[in-house]
Amino acid sequence: QVQLVESGGGLAQTGGSLRLSCVVSGRTISGKAMGWFRQAPGKERALVAAINWSGENTYYVDSAKGRFTIFRDNAKNTVYLQMNSLTPEDTAVYYCALALVLNIVTRPGDYDYWGQGTQVAVSS
């Protein structure tokens with residue numbers, strides 16, 4: 001049974017930072033692409049950042065560029081999302097996801113396993 005467990009969410013102030021972690025069990029993340037999505041109230045789930053199997057290639061949505069960093073530690077079967085310069089617009093539930101492919105994919109339907117999500121709230 002594959003499980004993805006996110007942690008690190010919480011309340012931050014505008015301009016603050018949070019680091020999200022996603023620990024995967026039941027399957028190695030080696031050789032697999034990973035992604036972080038978020039869903040704000042009343043909005044669809046959307047990709048924030050993605051990383052390929054090796055960590056050499058990453059993808060960010062425009063709003064995350066320069067502020068967020070996705071990285072992975074295959075030895076720990078964990079993927080991270082470092083979020084800096086947070087704004088209230090970053091408030092959402094953040095989900096990590098695993099895709100059974102090598103290279104970056106961007107659509108929710110491209111991912112095969114999902115975590116339960118971790119809430120991030122940014123106060124103004």
Show every salt bridge (Lys or Arg N to Asp or Glu O under 4.0 Å) that has at least one partner inside residues 44-70, sequence neighbours left out. Asp62-Lys65, Arg67-Asp90

Heavy-atom pair with the smallest gap, counting every atom of Ser85 and Ser17: N-OG, 4.4 Å

Hits for side chain to side chain donor-acceptor pair (under 3.5 Å) against Gln82, two or more places apart or cross-chain, chain-then-number order -> Arg19, Asn84

So does Ala121 get a backbone contact from the side chain of Thr91, meaning a donor-acceptor N/O pair under 3.5 Å? no

In Å, rounded to the nearest 0.5 Å, how long is the span from CZ of Arg38 to CD of Gln119? 12.0 Å

Given a cutoff of under 4.5 Å between side-chain heavy atoms of I, L, V, M, F, W and Y, with clusters grown through shared members, what are the other residues clustered with Ile104? Phe37, Leu47, Tyr59, Val61, Val93, Tyr95, Val101, Val105, Tyr111, Trp114

Who are the side-chain contact (heavy atoms from CB on, under 4.5 Å) partners of Ser123, not counting sequence neighbours? Leu11, Gln13

Which residue pairs satisfy the salt bridge (Lys or Arg N to Asp or Glu O under 4.0 Å) criterion with at least one member in residues 110-121, sequence neighbours excluded? Arg107-Asp110

Which residues end up grouped with Val79 if you chain together Ile, Leu, Val, Met, Phe, Trp and Tyr wherever their side-chain heavy atoms are less than 4.5 Å apart? Val2, Leu4, Leu18, Leu20, Val24, Ile29, Met34, Trp36, Val48, Ile51, Tyr60, Phe68, Ile70, Leu81, Met83, Leu86, Tyr94, Leu98, Leu100, Tyr113, Val120, Val122

Applying salt bridge (Lys or Arg N to Asp or Glu O under 4.0 Å), which residue pairs with at least one partner in residues 22-37 are found, sequence neighbours left out? none

Keeping to residues at least two apart or across chains, list the ring-ring contact (aromatic ring centres under 6.0 Å, His included) pairs with something in residues 3-27. none

What residues, two or more places apart in sequence or in another chain, satisfy side-chain contact (heavy atoms from CB on, under 4.5 Å) together with Val23? Thr78

Contacts of Ala46 meeting side-chain contact (heavy atoms from CB on, under 4.5 Å) (sequence neighbours excluded), chain-then-number -> none

Which residues pass the side-chain contact (heavy atoms from CB on, under 4.5 Å) test with Ser30, sequence neighbours left out? Thr28, Asn74

Spell out, as yes or no, whether a donor-acceptor pair under 3.5 Å connects the side chain of Gln116 to the backbone of Glu6. no

Please collect all salt bridge (Lys or Arg N to Asp or Glu O under 4.0 Å) contacts where either partner lies in residues 76-86, sequence neighbours excluded, each pair once. none

